[in-house]
Amino acid sequence: MAGGLFITFEGGEGTGKTTQLAKLAAALEKKGLDVLCTREPGGSPEAEAIRRELVSGDAAKWSPLAEALLMNAARDSHLRKTIRHALALGRTVLCDRFMDSTRAYQGAAGGVDMKFIAAIEKSVVGETVPDLTLIFDLDPEIGLARAKASEDRFEGKGAEFHSRLNAAYREIARAEPERCRLIDASVSPDAVFAAIMKILLPLIGSAHER
């Protein structure tokens, strides 16, 4: 895809991906890249409104199918109003969650038919597939313990759900090794960041050549 780099951050609850995204943004800006940090669900006014409905309240508030539809409605707005515009300007877009979250949370862990997930993803995402996806891998029990202060309703879906979620992310990384990199999130934050930079250095050079 012509334009800037599109990098997504994925993983279960409490993996530290949001913290690492902020650290990477600062590092890339020091290297002279124009960086946009965004998130899903969210990233546009309409998508942020949907986010408020999705992440708060009882864990059973929405069915997995309803979640998948709402996530993709938010994603459509996010792509049209934020991501594609930034990439066209040559900006580096760092996104906290994207299409793989729907595959993992609503698909593999939630039980929504993966053919349906793939079909709606094709329609909404189209060719705007990330150049790189960093998947933060961590034992679900440790992640949930780290994230217990949050009010995110997805954390209340139970240990079995989060175990399926972790397995789903590992399978995504295995199935798409050219796009996805599995990051060991059990080590120190500095070690995690070092692993990210090792992966990114070749891509940063390519971005400057675009």
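One is the number of the first residue; the rest follow in order along the sequence. A quick note: this is a predicted structure, and the numbers were derived from the prediction, not measured.
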Nearest-0.5 Å distance, [atom1] of residue [X] to [atom2] of residue [Y]:
{"X": "F161", "Y": "N166", "atom1": "CZ", "atom2": "CG", "result": "12.0 Å"}
{"X": "R80", "Y": "E46", "atom1": "CZ", "atom2": "CD", "result": "7.5 Å"}
{"X": "T102", "Y": "M71", "atom1": "OG1", "atom2": "CE", "result": "6.0 Å"}
{"X": "N72", "Y": "M99", "atom1": "CG", "atom2": "CE", "result": "11.0 Å"}
{"X": "I83", "Y": "C95", "atom1": "CD1", "atom2": "SG", "result": "4.5 Å"}
{"X": "D100", "Y": "L134", "atom1": "CG", "atom2": "CG", "result": "11.0 Å"}

Determine whether [X] and [Y] fall in the same hydrophobic cluster, where Ile, Leu, Val, Met, Phe, Trp and Tyr are linked whenever their side-chain heavy atoms lie under 4.5 Å apart.
{"X": "L89", "Y": "L33", "result": "no"}
{"X": "V125", "Y": "F116", "result": "yes"}
{"X": "I120", "Y": "L65", "result": "yes"}
{"X": "V192", "Y": "I199", "result": "yes"}

Quiz item: Looking just at side-chain N and O atoms, do T38 and T82 make a donor-acceptor pair shorter than 3.5 Å?
Solution: no
Practice problem: Salt-bridge test for R52 and E48: reply yes if a basic N is under 4.0 Å from a carboxylate O, no otherwise. | Solution: no
Quiz item: What is the minimum heavy-atom distance between G12 and L165, and which atoms define it?
Solution: CA-CD2, 4.0 Å
Self-check item: Nearest heavy atoms of P140 and H162, plus distance in Å
Solution: CG-O, 3.6 Å
Quiz item: Checking K61 side chain against E53 main chain: does a donor-acceptor pair fall under 3.5 Å?
Solution: yes
Is there a side-chain contact between [X] and [Y], using heavy atoms and a 4.5 Å cut-off?
{"X": "R39", "Y": "H78", "value": "no"}
{"X": "V35", "Y": "L94", "value": "yes"}
{"X": "W62", "Y": "L54", "value": "yes"}
{"X": "L79", "Y": "F98", "value": "yes"}
{"X": "E10", "Y": "I183", "value": "no"}

Quiz item: Can K23 and D190 be said to form a side chain to side chain contact (heavy atoms under 4.5 Å, CB included), step by step?
Solution: CA-CA 10 Å; K23 290 183 67 173; D190 287 345; 3.4 Å; yes
Quiz item: Are there more than 12 heavy atoms of other residues, nucleotides or ligands under 6.0 Å from atom CD of E171?
Solution: yes
Quiz prompt | Listed partners of R75 passing salt bridge (charged side-chain N to carboxylate O under 4.0 Å, His left out), at least two apart | solution = E40
Self-check item: Verdict with reasoning, E176 to R103, per salt bridge (charged side-chain N to carboxylate O under 4.0 Å, His left out)
Solution: CA-CA 13 Å; E176 297 187 50; R103 295 179 182 182; 2.7 Å; yes
Quiz item: Would you call the rings of Y169 and Y105 parallel, tilted or perpendicular if under 30° counts as parallel and over 60° as perpendicular?
Solution: perpendicular
Self-check item: Within 45° cone and under 6.0 Å: K17 NZ/CZ vs F136 ring
Solution: no
